[in-house]
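We count residues from 1, following the sequence as given.
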Amino acid sequence: MTQIFDNPADFADEALDGFVAANRGYVARVDGGVVRSTEVPAGQVALVVGGGSGHYPAFAGLVGPGLATASACGNMFASPAAGQVYRVAKAANAGGGVLLSYGNYAGDVLHFGQAQLRLNADGIETRTVLVTDDIASAPLDQIEKRRGIAGDLTVFKIAGAAAEVGLSLDDVERLAIRTNYRTRSLGVAFDGCTLPGAEAPLFSVPAGHMSLGLGIHGEPGISDHPMPTASELAELLVSRLLADKPDDAGTRVVAIVNGLGTVKYDELFLLFGKIEKLLTKAGLTVVEPECGELVTSLDMSGLSLTLLWLDEELEQYWAAPADTPAFRKGNLAPRSRRELAGPEAEEAADVERPTAAAAPLGRLAADLLGQTRDVIVEHEEELGRLDAIAGDGDHGIGMRRGVDAAVAAAEQAAANDGGASPARVLTAAGEAWSERAGGTSGALWGSAIIAAGQALGNQDSYSGEDAAAAVTAFVDAITALGKADLGDKTMVDALVPFRDAFLTAFDGGATVAGSLAAAAAAATTAADRTAELRPLKGRARPLAEKSLGHPDPGAVSFALIATRISAHTDTPDTNTSDTGTLPTASRLANSEPAEQGAQA
């Protein structure tokens with residue numbers, strides 16, 4: 001387990017600071033990640049990669065000449081926020097456009113996608129190539145749904161080499177897309193990994209077994225198997241990948257045996273030798289292979305095999321020189337250091353003067369966010385355990401990071417002389433939530449809180465219709481951004497019933513408090529019922545059977561928050577008392593509050 005840290009919440013930032021201190025000849029720290037500290041030729045395409053921390057050498061270790069120009073670095077196993085990606089890409093831009101490339105995970109897609117929109121709006125032409133190499137996460141006819149694991153390296157390397165020789169953004173994108181299509185990976189785990197400060201791994205593998213088809217964020221595999229011999233394991237990995245090869249596959253392949261954290265190099269080498277023999281027997285020529293730790297998952301005991309089927313053009317760029325802290329190939333001329341001023345500072349917005357009606361509502365918004373924080377603190381561990389059943393176990397941690405930041409930002413905004421409107425308070429809170437939490441929930445909650453604030457605005461008077469508009473805006477922001485539908489087993493399954501119940505009660509003459517009580521009860525019931533569903537979106541989708549019988553953690557956390565907010569508005573005119581069994585939303589919502597010291 002990870003043992004060297006002061007505060008687990010600061011682990012990712014402090015590790016990144018130390019990485020930069022140890023590699024100043026390659027990288028410089030910017031807000032949200034790292035960029036090359038050496039000169040980048042004017043007009044060169046900037047390859048910006050990234051994702052959550054905990055995967056070194058990916059992603060910051062791959063920044064340097066011949067590979068990535070910059071890396072946006074999120075928290076542990078969590079996507080960097082859209083603002084972080086935006087600032088890193090602005091700092092990396094050399095005038096030739098930006099290619100964003102990262103693994104196909106929902107949080108990354110949301111945050112990098114938002115950053116791409118901002119960059120293009122700024123006149124910086126930006127494209128995206130998702131890495132989808134993991135054959136265990138979706139069938140071949142749904143290749144676009146596959147997640148990215150160690151195949152990140154092949155896509156990043158070839159795109160970076162193409163950018164290095166001065167190819168256009170069109171050509172760099174074209175080569176990255178082709179590389180991704182011709183890359184396949186499959187991994188196994190012998191034991192799970194442990195987040196800094198956690199007392200137990202995110203998952204465990206039964207003694208004498210291995211888990212097949214794991215992810216790199218602490219997700220367990222899709223099935224457990226008796227532990228094979230090295231020869232049997234090599235045969236399993238090779239046969240599965242060869243059966244999934246691209247239509248236009250040739251006979252020259254790059255083979256990458258990747259250690260996920262604690263498998264020793266001697267073991268990796270032993271396995272690689274057996275894999276090479278099997279590939280040769282299958283009529284393939286292995287070209288410039290790699291064997292070692294390239295995309296890890298903290299201290300996970302496991303490994304993966306990646307195959308890239310080459311063509312003449314791809315082979316040229318795979319073989320091209322690269323010089324980064326963690327990946328070096330061939331020889332490159334020394335580069336001069338450059339001074340980095342960082343991205344241009346945006347002009348500060350005019351200080352808003354809240355109306356007499358808006359200032360108290362802004363204070364109430366900050367207070368309700370405080371209640372949101374308290375309920376998340378009380379149930380952080382339960383939410384994490386629920387998420388670990390078919391995900392990576394970080395839902396409670398991510399929600400805690402996001403809401404802590406949101407409350408701090410909201411309280412700071414509301415404490416200004418004269419107070420602040422709900423629009424200002426909730427915009428500050430939403431931006432802070434997104435920045436600090438990262439991941440899918442960070443993007444969704446941040447966008448929804450901002451949307452609710454914009455719906456309330458800075459008005460001279462407020463009515464119940466404004467509350468209904470804020471509820472609708474909150475829900476619309478999440479459904480538009482996340483693109484999930486009812487039945488997909490996501491937060492939407494509790495969110496839409498919440499909205500519908502609120503509007504029905506309000507239209508029927510109930511007060512805002514009464515409408516909130518009815519909505520919270522509907523959300524709680526709906527969250528409990530997600531236990532009957534199989535996930536069709538998100539990281540839990542490849543582990544649908546494990547998820548069955550357990551409610552969705554996003555739906556549960558939303559129901560908890562809705563219940564707490566309802567309880568702290570005016571006395572409702574409905575009774576939302578409910579019962580249930582852990583870990584259902586109803587039982588969590590009605591459990592005893594945590595000790596006051598835990599609510600700080």
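Between the side chain of Asn23 and the backbone N or O of Pro325, no donor-acceptor pair lies under 3.5 Å. The backbone N or O of Thr126 sits less than 3.5 Å from a side-chain atom of Asn120, completing a donor-acceptor pair. Side-chain N or O atoms of Ser71 include none that pairs as donor or acceptor with a backbone N or O of Gly33 at under 3.5 Å. Without hydrogens or angle criteria, Thr69 side chain to Leu47 main chain gives a donor-acceptor distance under 3.5 Å. Asp133 places a side-chain N or O within 3.5 Å of a backbone atom of Ile149 that can act as its donor or acceptor partner. Using modelled atom types, one side-chain atom of Ser297 and one backbone atom of Ile216 make a donor-acceptor pair closer than 3.5 Å. No donor-acceptor pair closer than 3.5 Å links the side chain of Arg147 to the backbone N or O of Tyr105. Under the 3.5 Å distance criterion, the side-chain polar atoms of Asn180 are matched with a main-chain donor or acceptor of Thr132. Looking only at distances, no side-chain donor or acceptor of Thr296 sits under 3.5 Å from a matching main-chain atom of Glu293. The main-chain N or O of Pro65 is never found under 3.5 Å from a side-chain atom of Asp323 such that the two would form a donor-acceptor pair.
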Can you list, pair by pair, the side-chain donor-acceptor contacts under 3.5 Å of residues 278-290, counting residues two or more places apart and other chains?
unit_1	atom_1	unit_2	atom_2	d
Thr280	OG1	Glu276	O	2.9
Glu288	OE1	Lys329	NZ	2.8

Got a list of side-chain donor-acceptor pairs under 3.5 Å for residues 15-22, not counting sequence neighbours?
unit_1	atom_1	unit_2	atom_2	d
Asp17	OD1	Arg29	NE	2.8
Asp17	OD1	Arg29	NH2	3.4

Determine all donor-acceptor pairs shorter than 3.5 Å in which one atom belongs to a side chain in residues 151-158; sequence neighbours excluded.
unit_1	atom_1	unit_2	atom_2	d
Thr154	OG1	Gly151	O	3.0
Thr154	OG1	Thr183	OG1	3.0
Lys157	NZ	Tyr317	O	2.7
Lys157	NZ	Trp318	O	3.3
Lys157	NZ	Ala320	O	3.0

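If you check the side chains of Asp191 and Ser301, you find no donor sitting under 3.5 Å from an acceptor. Using modelled atom types and a 3.5 Å distance limit, the side chains of Thr490 and Asp552 yield no donor-acceptor pair.
Distance check, rounded to the nearest 0.5 Å: OH of Tyr86 to CG of Leu100 gives 13.0 Å. Here the OG1 atom belonging to Thr262 is positioned 6.5 Å from the CG atom belonging to Asp299, to the nearest 0.5 angstrom. We find the CD-CG distance between Glu125 and Leu119 to be 11.5 Å, quoted to the nearest 0.5 Å. Between the NZ atom in Lys145 and the CG atom in Asn104 there is a gap of 11.0 Å [rounded to 0.5 Å].
Judged as a side-chain hydrogen bond (donor to acceptor under 3.5 Å, both in side chains), the pairs with a partner in residues 36-59 (not counting sequence neighbours) are, in order, Arg36-Glu164. Applying the side-chain hydrogen bond (donor to acceptor under 3.5 Å, both in side chains) test to pairs two or more places apart or on separate chains, those with a residue in residues 245-254 are Arg182-Asp248, Arg252-Glu315.
Residues satisfying the side chain to side chain contact (heavy atoms under 4.5 Å, CB included) test with Asn93, not counting sequence neighbours, are Val98, Ile124.
Within a 6.0 Å radius of CG in Asn7, more than 12 heavy atoms belonging to other residues, nucleotides or ligands are found. More than 12 heavy atoms of other shown residues, nucleotides or ligands fall within 6.0 angstrom of atom CD in Glu144. Other residues, nucleotides and ligands contribute over 12 non-hydrogen atoms within 6.0 Å of the CZ atom of Arg174.
For the pair Arg184/Ile143, a side-chain contact is recorded, criterion being any heavy-atom separation below 4.5 Å from C-beta on.
One finds a salt bridge joining Asp13 and Arg436 here, because a Lys/Arg side-chain nitrogen approaches an Asp/Glu carboxylate oxygen to under 4.0 Å.
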May I have the step-by-step check of side-chain contact (heavy atoms from CB on, under 4.5 Å) for Met76 and Ile397, ending in yes or no? CA-CA 10 Å; Met76 302 308 295; Ile397 295 171; over 6 Å; no
Quick one, Leu202 with Cys193, criterion side-chain contact (heavy atoms from CB on, under 4.5 Å). Give me CA distance, side-chain angles, the key distance, then yes/no. CA-CA 6 Å; Leu202 294 174; Cys193 57; 4.1 Å; yes
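For the side-chain contact (heavy atoms from CB on, under 4.5 Å) criterion with Leu237, the lone passing option out of Thr306, Leu307, Leu242, Leu303 is Leu303.
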